[in-house]
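Have a look at the structure below before the remarks.
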Amino acid sequence: MYWLYSFLLVGLYVTLSHSENACSTILNTDFYGGDLEKILSVPSVDDCCMKCSTKEHCKAFTYVSYSQLCMLKVHDSDKRTATGVTSGLLLSAVGSDSGSIASGLSGGSIFLIVVFSLLAIYLIIGVIYNKLKNDSEGLQLIPNYDGWSKGCGLVQDGLSYTFSKIRNTVSGDGL
């Protein structure tokens, strides 16, 4: 049962940690050429990434920190060393051959679809089996009902313990 919780937590982490605007950056590197647009007064690399994510056909960017210049790019093919310059790729564009932002489902979305599909199949087959073979009724139709109810109780206990420790820390009682 614990493996299932771990599996779901990893999937949730993968889904939440990869947003559409996430960029992979390379310090002291200039993606030379392929300029789509130059934008002045961009305060940070993250803001430059955001600008690229909202611009059609933008696949990469180069950010010059000392001049706050953000250069949006259609490709990243010519990489050159440049001090004080950070270049980045949109994670949604990585692996895209067309030069534009890739569309489709993320890895986390696919993971969750598979997990919930398998869970639905497990529940449907379990309910049918318990009805026909075990003559179960009500909540006992749910496969492994006792295990699921104990698991929910354990999660509730864990959350109660965690929140009590947080309250103690905030109030100054320490851990």
Side-chain angles (χ1 to χ4, degrees), residues 2-120 155-175:
Y2 293 109
W3 65 267
L4 179 63
Y5 294 131
S6 300
F7 192 65
L8 290 173
L9 285 175
V10 168
L12 184 61
Y13 171 76
V14 167
T15 301
L16 295 178
S17 67
H18 290 90
S19 69
E20 292 296 318
N21 301 333
C23 295
S24 171
T25 57
I26 307 167
L27 297 175
N28 298 318
T29 301
D30 180 13
F31 291 159
Y32 190 77
D35 289 351
L36 183 63
E37 181 180 351
K38 293 181 181 181
I39 306 169
L40 296 171
S41 302
V42 177
S44 71
V45 173
D46 291 335
D47 291 322
C48 191
C49 170
M50 180 68 71
K51 300 268 186 203
C52 184
S53 70
T54 59
K55 181 76 173 175
E56 187 176 7
H57 303 296
C58 186
K59 181 179 176 183
F61 64 89
T62 295
Y63 179 73
V64 184
S65 58
Y66 57 84
S67 63
Q68 295 187 330
L69 174 65
C70 177
M71 294 176 279
L72 307 182
K73 311 281 185 171
V74 293
H75 63 75
D76 64 329
S77 57
D78 190 6
K79 297 176 182 74
R80 298 183 183 184
T81 301
T83 305
V85 174
T86 303
S87 290
L89 286 171
L90 282 179
L91 291 179
S92 58
V94 172
S96 171
D97 294 332
S98 65
S100 62
I101 296 174
S103 62
L105 296 174
S106 68
S109 297
I110 293 169
F111 173 82
L112 290 175
I113 289 169
V114 168
V115 166
F116 286 111
S117 296
L118 291 174
L119 181 63
V155 170
Q156 182 181 7
D157 291 345
L159 289 173
S160 297
Y161 176 79
T162 301
F163 288 129
S164 71
K165 290 298 179 185
I166 291 171
R167 274 192 294 264
N168 290 343
T169 302
V170 171
S171 67
D173 294 339
L175 292 174

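Keep in mind that the numbers below use all heavy atoms, side chains included, and drop hydrogens, waters and symmetry copies.
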So which atom in [X] and which in [Y] form the shortest heavy-atom distance, rounded to 0.1 Å?
X: G84; Y: S65; value: O-OG, 3.1 Å
X: D30; Y: A82; value: CB-CB, 4.0 Å
X: P43; Y: Q68; value: CA-NE2, 3.7 Å

Interatomic spacing from [atom1] in [X] to [atom2] in [Y] - rounded to 0.5 Å:
X: F31; Y: I26; atom1: CZ; atom2: CD1; result: 4.0 Å
X: T162; Y: R167; atom1: OG1; atom2: CZ; result: 10.5 Å
X: L72; Y: T54; atom1: CG; atom2: OG1; result: 8.0 Å
X: C58; Y: E37; atom1: SG; atom2: CD; result: 9.0 Å
X: T83; Y: L27; atom1: OG1; atom2: CG; result: 11.0 Å
X: L89; Y: K59; atom1: CG; atom2: NZ; result: 7.0 Å

Under the criterion salt bridge (Lys or Arg N to Asp or Glu O under 4.0 Å), I'd like the reasoning laid out for D76 against K73: C-alpha separation, chi angles, the key distance, then a yes or no.
CA-CA 7 Å; D76 64 329; K73 311 281 185 171; over 6 Å; no
Could you walk me through whether T25 and F61 pass the side-chain contact (heavy atoms from CB on, under 4.5 Å) test, one step at a time?
CA-CA 9 Å; T25 57; F61 64 89; 4.2 Å; yes
Under 2.5 Å between SG of C52 and C70:
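No, the SG atoms are not under 2.5 Å apart.
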Could you tell me if the side chain of L36 sits less than 4.5 Å from the side chain of E56, heavy atoms only?
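They are not in side-chain contact.
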Would you indicate whether the side-chain heavy atoms of T62 and Y32 approach each other to under 4.5 Å?
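SC-SC contact between Y32 and T62 ruled out.
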Donor-acceptor pair, side chain of Y63 and main chain of V42, under 3.5 angstrom
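Yes; at least one donor-acceptor contact below 3.5 Å.
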Should we say atom NZ of K38 is surrounded by more than 12 heavy atoms from elsewhere, each under 6.0 Å from it?
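Count not over threshold, so no.
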